[in-house]
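Read the structure below first, then the notes.
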Amino acid sequence: SSDLYDIEVLESLVSGIDMGINASDEVMKNVEDEKLKMILIEQARSYKALKAEAEEQLEYYQRDKENKHVFETAMLKSMVKMKTMMNNDDHKIAKMLIEGSTQAIMSMQTLINDYPDIEEKPKALCEQFLNLSKEHINQWKDFL
């Protein structure tokens, strides 16, 4: 595979993880339910660990190239929507988190499909992100 593809995928992964962490931080301010707060804290921890691994891989592949973030655009739209709709309703917060994560899953899966020959390590990190995101959605369903 081309290192450029690996770099693009890893940069998109890091951007997606950052969006997830930022969304959790933003949402946390408005969450009433203690159980939901604890879930968000744990999810942010899991994302941060994955981000560290992705950044380590990115350093391995990195060149002086600037890459566009396909992922970022879709995630930013979700963030803007989420911020404008934000309130203290845990049901609405859970719904927005699920919608944002679903968008992240679709974007990441599209990226993986677009670059089927990326290296194993970056691909494994992307798969880990997909699995974490799906797990988070399942945890949020209880709050709908």
Side-chain angles (χ1 to χ4, degrees), residues 1 4-62 65-144:
S1 84
L4 216 55
Y5 294 151
D6 296 310
I7 290 168
E8 187 172 338
V9 167
L10 287 164
E11 284 183 339
S12 296
L13 176 59
V14 170
S15 292
I17 293 169
D18 278 339
M19 299 282 175
I21 292 168
N22 292 337
S24 290
D25 290 346
E26 199 58 42
V27 160
M28 190 84 69
K29 300 169 192 168
N30 298 290
V31 171
E32 304 280 320
D33 189 284
E34 286 304 312
K35 185 181 175 197
L36 182 54
K37 273 186 189 174
M38 293 309 296
I39 288 172
L40 286 167
I41 289 167
E42 192 49 49
Q43 290 172 350
R45 244 185 242 136
S46 65
Y47 272 147
K48 285 173 186 166
L50 182 60
K51 180 182 173 185
E53 281 186 65
E55 285 177 329
E56 193 178 303
Q57 277 297 302
L58 190 54
E59 279 178 36
Y60 173 78
Y61 290 105
Q62 197 66 58
K65 288 268 181 204
E66 192 85 17
N67 287 292
K68 289 184 179 167
H69 300 280
V70 181
F71 210 102
E72 234 169 2
T73 311
M75 289 298 288
L76 280 171
K77 285 179 187 168
S78 296
M79 288 292 293
V80 170
K81 182 181 173 189
M82 184 166 73
K83 284 184 180 180
T84 56
M85 292 172 64
M86 191 56 70
N87 59 34
N88 291 347
D89 183 337
D90 290 340
H91 300 287
K92 286 183 182 173
I93 290 170
K95 184 176 186 263
M96 285 185 281
L97 288 166
I98 289 169
E99 287 170 355
S101 287
T102 301
Q103 182 63 49
I105 288 168
M106 289 188 301
S107 298
M108 180 55 66
Q109 191 61 60
T110 299
L111 197 60
I112 292 170
N113 294 349
D114 286 348
Y115 301 116
D117 59 345
I118 58 171
E119 296 287 330
E120 273 310 303
K121 280 188 178 182
K123 187 173 184 174
L125 292 172
C126 292
E127 296 287 348
Q128 200 177 334
F129 176 80
L130 290 173
N131 291 333
L132 276 176
S133 298
K134 289 172 190 172
E135 195 178 296
H136 296 167
I137 289 171
N138 283 331
Q139 291 176 308
W140 294 325
K141 284 179 183 174
D142 293 342
F143 297 93
L144 290 177

Side chains of [X] and [Y], heavy atoms from C-beta outward: is any pair under 4.5 Å?
X: D90; Y: I93; answer: yes
X: F143; Y: L97; answer: no
X: E55; Y: V14; answer: yes

| message | Could you work out, with salt bridge (charged side-chain N to carboxylate O under 4.0 Å, His left out) as the rule, every residue matching K95, not counting sequence neighbours? | response |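 Partners of K95 by the salt bridge (charged side-chain N to carboxylate O under 4.0 Å, His left out) criterion, ordered by chain and then number, come out as E99.
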| said: Taking salt bridge (charged side-chain N to carboxylate O under 4.0 Å, His left out) as the definition, give me every residue that meets it alongside D18, ordered by chain and number, with sequence neighbours left out. | reply: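 K51.
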| query | Should we count CE of M28 as having more than 12 external heavy atoms under 6.0 Å? | reply |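 Atom CE in M28 is packed in, count exceeds 12.
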[X] to [Y] - nearest heavy-atom pair and separation:
X: M106; Y: T110; answer: O-OG1, 2.8 Å
X: T102; Y: I137; answer: OG1-CD1, 3.7 Å
X: H136; Y: S46; answer: NE2-OG, 3.5 Å
X: A54; Y: L13; answer: CB-CD2, 3.8 Å

Using 0.5 Å steps for rounding, measure from the [atom1] atom of [X] to the [atom2] atom of [Y].
X: M96; Y: E26; atom1: CE; atom2: CD; answer: 10.5 Å
X: L111; Y: M108; atom1: CG; atom2: CE; answer: 6.0 Å
X: I39; Y: S24; atom1: CD1; atom2: OG; answer: 11.0 Å
X: M19; Y: I21; atom1: CE; atom2: CD1; answer: 11.5 Å
X: E56; Y: L10; atom1: CD; atom2: CG; answer: 11.0 Å
X: I17; Y: S12; atom1: CD1; atom2: OG; answer: 11.0 Å

| Results of side-chain hydrogen bond (donor to acceptor under 3.5 Å, both in side chains) for Q43 - residues two or more places apart only |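 In terms of side-chain hydrogen bond (donor to acceptor under 3.5 Å, both in side chains), with neighbours along the sequence ignored, Q43 is linked to Q139, W140.
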| Looking at residues at least two apart in the chain, or sitting in another chain, which of them share a side-chain hydrogen bond (donor to acceptor under 3.5 Å, both in side chains) with K121? |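 Expected list: none.
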| What residues, two or more places apart in sequence or in another chain, satisfy ring-ring contact (aromatic ring centres under 6.0 Å, His included) together with Y115? |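 Y115 satisfies ring-ring contact (aromatic ring centres under 6.0 Å, His included) with Y5 once adjacent residues are dropped.
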Compile the donor-acceptor pairs under 3.5 Å between side chains in residues 122-134 and protein atoms, sequence neighbours left out, one pair per line.
residue	atom	partner	partner atom	Å
N131	ND2	E127	O	3.3
S133	OG	Y47	OH	3.2
S133	OG	F129	O	2.9

| field | Sequence neighbours excluded - salt bridge (Lys or Arg N to Asp or Glu O under 4.0 Å) pairs with any residue from residues 35-50 | value |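 Residue pairs passing salt bridge (Lys or Arg N to Asp or Glu O under 4.0 Å), neighbours aside: E34-K37, E42-R45.
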| request: Any pair with a residue in residues 20-39 that passes ring pair (Phe, Tyr, Trp, His ring centres under 6.0 Å), sequence neighbours left out, goes on the list, sorted by first then second residue, please. | output: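 Qualifying pairs: none.
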